[in-house]
Amino acid sequence: MHQSPALQRPVVLGSTSRYRRELLSRLNLPFEVASPEVDETPGPGEAPRDLALRLALAKARAVARLYPEAVVIGSDQVADLAGQPLGKPGTHERAVQQLRQMRGQTVIFQTAVATVCQASGFEQVDIAPVEVRFRDLSDDEIERYLRAEQPYDCAGSAKSEGLGIALLEAIHSDDPTALIGLPLIRTCRMLRAAGVVLP
(Lines give C-alpha, C1' and ligand atoms only; values in the text may rest on other atoms or scores of the structure.)
Protein backbone atom coordinates (compact mmCIF):
# COMPACT_ATOMS: atom_id res chain seq x y z
CA MET A 1 0.00 0.00 0.00
CA HIS A 2 1.38 3.42 -0.92
CA GLN A 3 1.48 6.15 1.70
CA SER A 4 -0.42 9.26 0.74
CA PRO A 5 1.94 12.12 -0.17
CA ALA A 6 0.90 13.90 3.05
CA LEU A 7 2.36 11.02 5.07
CA GLN A 8 5.37 10.51 2.84
CA ARG A 9 8.61 9.85 4.66
CA PRO A 10 11.35 12.43 4.13
CA VAL A 11 14.07 11.48 1.66
CA VAL A 12 17.72 12.04 2.57
CA LEU A 13 20.67 11.74 0.21
CA GLY A 14 23.61 10.38 2.19
CA SER A 15 26.27 12.01 0.03
CA THR A 16 28.27 15.21 -0.22
CA SER A 17 28.70 14.76 -3.99
CA ARG A 18 27.32 17.69 -5.96
CA TYR A 19 26.92 15.33 -8.96
CA ARG A 20 24.61 13.03 -7.00
CA ARG A 21 22.68 16.00 -5.62
CA GLU A 22 22.12 17.36 -9.14
CA LEU A 23 21.02 13.93 -10.40
CA LEU A 24 18.56 13.31 -7.55
CA SER A 25 17.04 16.78 -8.03
CA ARG A 26 15.94 15.64 -11.52
CA LEU A 27 13.23 13.55 -9.81
CA ASN A 28 11.50 16.72 -8.59
CA LEU A 29 11.34 15.25 -5.09
CA PRO A 30 12.12 17.24 -1.96
CA PHE A 31 15.18 15.84 -0.17
CA GLU A 32 17.79 16.74 2.38
CA VAL A 33 21.51 16.07 2.13
CA ALA A 34 23.64 14.59 4.90
CA SER A 35 27.29 13.65 4.99
CA PRO A 36 27.96 9.96 5.67
CA GLU A 37 31.02 9.53 7.89
CA VAL A 38 32.29 6.27 6.38
CA ASP A 39 35.86 4.99 5.95
CA GLU A 40 36.22 4.28 2.21
CA THR A 41 39.44 2.24 2.47
CA PRO A 42 39.18 -1.00 0.44
CA GLY A 43 39.56 -4.25 2.37
CA PRO A 44 42.55 -6.48 1.49
CA GLY A 45 41.88 -7.99 -1.94
CA GLU A 46 38.34 -6.53 -2.02
CA ALA A 47 36.95 -6.53 -5.57
CA PRO A 48 35.79 -3.12 -6.91
CA ARG A 49 32.18 -4.35 -7.25
CA ASP A 50 32.11 -5.61 -3.65
CA LEU A 51 33.72 -2.39 -2.41
CA ALA A 52 31.10 -0.20 -4.17
CA LEU A 53 28.21 -2.31 -2.80
CA ARG A 54 29.63 -2.32 0.74
CA LEU A 55 30.27 1.44 0.80
CA ALA A 56 26.88 2.39 -0.68
CA LEU A 57 25.13 0.37 2.02
CA ALA A 58 27.46 1.64 4.77
CA LYS A 59 26.76 5.26 3.75
CA ALA A 60 22.98 4.73 3.68
CA ARG A 61 23.03 2.96 7.06
CA ALA A 62 25.25 5.63 8.66
CA VAL A 63 22.88 8.43 7.65
CA ALA A 64 19.76 6.33 8.45
CA ARG A 65 20.97 6.15 12.07
CA LEU A 66 20.75 9.97 12.17
CA TYR A 67 17.40 10.10 10.31
CA PRO A 68 15.60 6.89 11.41
CA GLU A 69 12.21 7.95 9.95
CA ALA A 70 13.63 8.93 6.55
CA VAL A 71 14.26 6.97 3.38
CA VAL A 72 18.02 7.35 2.93
CA ILE A 73 19.93 6.91 -0.32
CA GLY A 74 23.62 6.00 -0.28
CA SER A 75 25.81 5.56 -3.33
CA ASP A 76 29.39 4.77 -4.22
CA GLN A 77 31.37 4.44 -7.41
CA VAL A 78 34.60 2.53 -7.96
CA ALA A 79 36.41 2.41 -11.29
CA ASP A 80 37.47 -1.19 -12.01
CA LEU A 81 40.53 -1.64 -14.22
CA ALA A 82 41.19 -5.36 -14.67
CA GLY A 83 39.96 -6.05 -11.14
CA GLN A 84 41.92 -3.21 -9.53
CA PRO A 85 39.94 -0.41 -7.86
CA LEU A 86 40.67 3.17 -8.97
CA GLY A 87 39.26 5.77 -6.59
CA LYS A 88 39.17 9.56 -6.73
CA PRO A 89 42.65 10.75 -7.67
CA GLY A 90 42.68 13.81 -5.40
CA THR A 91 45.72 15.32 -7.15
CA HIS A 92 46.79 16.20 -10.70
CA GLU A 93 49.69 13.74 -10.58
CA ARG A 94 47.50 10.81 -9.56
CA ALA A 95 44.92 11.73 -12.21
CA VAL A 96 47.66 11.67 -14.89
CA GLN A 97 48.75 8.25 -13.62
CA GLN A 98 45.15 6.91 -13.68
CA LEU A 99 44.44 8.13 -17.21
CA ARG A 100 47.73 6.71 -18.51
CA GLN A 101 46.73 3.34 -17.01
CA MET A 102 43.29 3.52 -18.62
CA ARG A 103 44.20 4.62 -22.15
CA GLY A 104 43.18 2.02 -24.72
CA GLN A 105 41.53 -0.03 -21.95
CA THR A 106 37.99 -0.98 -20.99
CA VAL A 107 37.13 0.19 -17.47
CA ILE A 108 34.02 -0.88 -15.57
CA PHE A 109 32.61 1.91 -13.42
CA GLN A 110 30.86 0.01 -10.61
CA THR A 111 28.13 2.37 -9.37
CA ALA A 112 26.22 1.04 -6.38
CA VAL A 113 23.10 2.52 -4.78
CA ALA A 114 21.48 1.55 -1.49
CA THR A 115 18.21 2.66 0.09
CA VAL A 116 17.58 2.24 3.82
CA CYS A 117 14.70 3.20 6.12
CA GLN A 118 15.47 2.29 9.70
CA ALA A 119 11.89 2.84 10.96
CA SER A 120 10.32 0.46 8.44
CA GLY A 121 13.24 -1.98 8.27
CA PHE A 122 13.57 -1.43 4.51
CA GLU A 123 16.98 -2.09 2.99
CA GLN A 124 17.97 -2.67 -0.64
CA VAL A 125 21.24 -2.39 -2.53
CA ASP A 126 21.96 -2.77 -6.25
CA ILE A 127 24.77 -2.06 -8.68
CA ALA A 128 24.84 -0.57 -12.17
CA PRO A 129 28.06 -1.53 -13.96
CA VAL A 130 29.01 0.85 -16.77
CA GLU A 131 31.51 -0.39 -19.36
CA VAL A 132 33.67 2.44 -20.67
CA ARG A 133 36.22 2.06 -23.45
CA PHE A 134 38.95 4.70 -23.42
CA ARG A 135 40.71 5.96 -26.54
CA ASP A 136 44.46 5.49 -26.79
CA LEU A 137 45.15 8.92 -25.31
CA SER A 138 48.36 10.87 -25.82
CA ASP A 139 50.07 12.50 -22.83
CA ASP A 140 49.17 15.90 -24.34
CA GLU A 141 45.47 14.98 -24.52
CA ILE A 142 45.54 13.82 -20.90
CA GLU A 143 47.22 17.04 -19.78
CA ARG A 144 44.81 19.30 -21.71
CA TYR A 145 41.79 17.44 -20.38
CA LEU A 146 42.97 17.60 -16.76
CA ARG A 147 43.80 21.31 -16.99
CA ALA A 148 40.33 22.03 -18.43
CA GLU A 149 38.20 19.78 -16.20
CA GLN A 150 40.21 19.19 -12.99
CA PRO A 151 38.21 16.00 -12.25
CA TYR A 152 40.11 15.20 -9.06
CA ASP A 153 36.90 14.36 -7.16
CA CYS A 154 35.74 11.79 -9.76
CA ALA A 155 36.47 8.07 -9.56
CA GLY A 156 39.02 7.21 -12.24
CA SER A 157 39.42 10.93 -13.17
CA ALA A 158 36.71 10.55 -15.84
CA LYS A 159 34.02 13.22 -15.97
CA SER A 160 31.78 12.00 -18.78
CA GLU A 161 29.20 14.77 -18.40
CA GLY A 162 31.88 17.29 -19.38
CA LEU A 163 34.94 17.19 -21.60
CA GLY A 164 35.71 13.65 -20.42
CA ILE A 165 33.35 12.34 -23.10
CA ALA A 166 36.07 13.22 -25.65
CA LEU A 167 38.39 10.66 -24.00
CA LEU A 168 36.05 7.77 -24.73
CA GLU A 169 35.31 5.41 -27.60
CA ALA A 170 32.17 3.81 -26.16
CA ILE A 171 29.90 3.58 -23.11
CA HIS A 172 27.63 0.59 -22.42
CA SER A 173 25.05 0.91 -19.64
CA ASP A 174 21.42 0.06 -18.87
CA ASP A 175 21.12 3.01 -16.45
CA PRO A 176 22.46 6.09 -18.24
CA THR A 177 23.09 8.35 -15.22
CA ALA A 178 25.13 5.69 -13.39
CA LEU A 179 28.42 6.92 -14.85
CA ILE A 180 27.84 10.41 -13.39
CA GLY A 181 27.41 8.83 -9.96
CA LEU A 182 23.80 7.80 -9.27
CA PRO A 183 21.85 5.20 -11.31
CA LEU A 184 18.45 6.91 -11.35
CA ILE A 185 16.49 4.00 -12.86
CA ARG A 186 17.55 1.76 -9.96
CA THR A 187 17.14 4.62 -7.45
CA CYS A 188 13.52 5.21 -8.58
CA ARG A 189 12.78 1.49 -8.33
CA MET A 190 14.09 1.39 -4.75
CA LEU A 191 12.34 4.59 -3.67
CA ARG A 192 9.01 3.18 -4.92
CA ALA A 193 9.70 -0.11 -3.11
CA ALA A 194 10.39 1.91 0.08
CA GLY A 195 6.97 3.59 -0.27
CA VAL A 196 8.08 6.94 -1.68
CA VAL A 197 5.56 8.34 -4.18
CA LEU A 198 7.43 9.81 -7.11
CA PRO A 199 5.90 12.75 -9.02
Side-chain angles (χ1 to χ4, degrees), residues 13-26 33 35-56 58-59 73-113 127-184 186-187:
L13 175 63
S15 175
T16 52
S17 160
R18 62 194 168 96
Y19 310 109
R20 292 192 178 109
R21 195 163 60 237
E22 285 163 13
L23 287 170
L24 190 59
S25 65
R26 289 186 193 182
V33 175
S35 174
E37 301 301 324
V38 169
D39 178 6
E40 299 193 19
T41 311
E46 188 172 24
R49 175 190 165 86
D50 298 338
L51 174 62
L53 285 164
R54 177 175 65 79
L55 291 179
K59 289 174 182 180
I73 300 161
S75 187
D76 192 74
Q77 184 180 74
V78 180
D80 176 346
L81 176 61
Q84 293 304 305
L86 299 176
K88 297 170 188 157
T91 66
H92 182 81
E93 293 68 32
R94 285 187 57 200
V96 168
Q97 189 184 352
Q98 281 188 348
L99 288 168
R100 282 179 179 167
Q101 281 179 282
M102 293 190 297
R103 59 183 163 200
Q105 303 292 316
T106 295
V107 179
I108 311 292
F109 284 81
Q110 304 283 8
T111 309
V113 60
I127 195 150
V130 183
E131 192 178 288
V132 175
R133 202 161 69 244
F134 280 80
R135 290 174 40 247
D136 193 3
L137 306 165
S138 69
D139 286 353
D140 279 353
E141 283 178 307
I142 290 172
E143 194 61 36
R144 280 199 307 273
Y145 162 69
L146 290 176
R147 294 277 174 229
E149 279 288 13
Q150 301 181 3
Y152 309 127
D153 61 345
C154 299
S157 310
K159 197 170 168 188
S160 67
E161 67 275 28
L163 185 60
I165 202 76
L167 306 180
L168 310 179
E169 274 185 0
I171 298 173
H172 298 285
S173 171
D174 68 354
D175 206 332
T177 59
L179 189 55
I180 306 171
L182 187 65
L184 283 180
R186 283 164 174 79
T187 302

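If you read the sequence from its start, that first residue is 1, and numbering goes on from there. Since this is a predicted model, take the numbers as computed values, not measurements.
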Judged by atom type as modelled, is there a donor-acceptor pair below 3.5 Å linking the side chain of Ser35 to the main-chain atoms of Thr16? no

Taking Thr111 for its side chain and Ala178 for its backbone only, find out whether a donor-acceptor pair lies under 3.5 Å. yes

Quick one: do Arg186 and Asp174 make a salt bridge, cutoff under 4.0 Å? yes

Going from CD1 on Ile171 to CD1 on Ile165, what distance comes out if it is rounded to the nearest 0.5 angstrom? 4.0 Å

Between Gln98 and Ser157 (side chain of the first, backbone of the second, donor and acceptor by atom type, cut-off under 3.5 Å), is there such a pair? yes

Met102/Val132 under side chain to side chain contact (heavy atoms under 4.5 Å, CB included): CA gap, chis, key distance, verdict: CA-CA 10 Å; Met102 293 190 297; Val132 175; over 6 Å; no

Could you tell me whether Arg100 and Asp139 make a salt bridge, using a distance below 4.0 angstrom between a side-chain N and a carboxylate O? yes

Check the side chains of Asp140 and Ser138 for a donor-acceptor pair under 3.5 angstrom, ignoring hydrogens and angles. no

Pair Val33-Ser15, side chain to side chain contact (heavy atoms under 4.5 Å, CB included): steps then yes or no: CA-CA 7 Å; Val33 175; Ser15 175; 5.9 Å; no

What's the spacing between Glu22 CD and Ile180 CD1 if we round to 0.5 Å? 9.0 Å

Measuring from Asp76:CG to Leu53:CG, what's the distance to the nearest 0.5 Å? 9.5 Å

Side chain to side chain contact (heavy atoms under 4.5 Å, CB included) between Arg147 and His92: does it pass, once the steps are laid out? CA-CA 9 Å; Arg147 294 277 174 229; His92 182 81; 3.7 Å; yes

Cationic N near anionic O, under 4.0 Å, Arg103 to Glu141: no

Check whether any side-chain N or O of Glu149 sits under 3.5 Å from a backbone N or O of Leu163 as a donor-acceptor pair, and report yes or no. yes

Return yes when atom NZ of Lys159 has more than 12 non-hydrogen atoms of other residues, nucleotides or ligands closer than 6.0 Å, and no otherwise. yes

Under 3.5 Å, side chain of Ser75 to main-chain N/O of Ala56, donor-acceptor pair present? no

What residues, two or more places apart in sequence or in another chain, satisfy side chain to side chain donor-acceptor pair (under 3.5 Å) together with Thr106? none

Would you sort out whether Tyr19 and Cys154 count as a side chain to side chain contact (heavy atoms under 4.5 Å, CB included), showing the intermediate values? CA-CA 10 Å; Tyr19 310 109; Cys154 299; 3.8 Å; yes

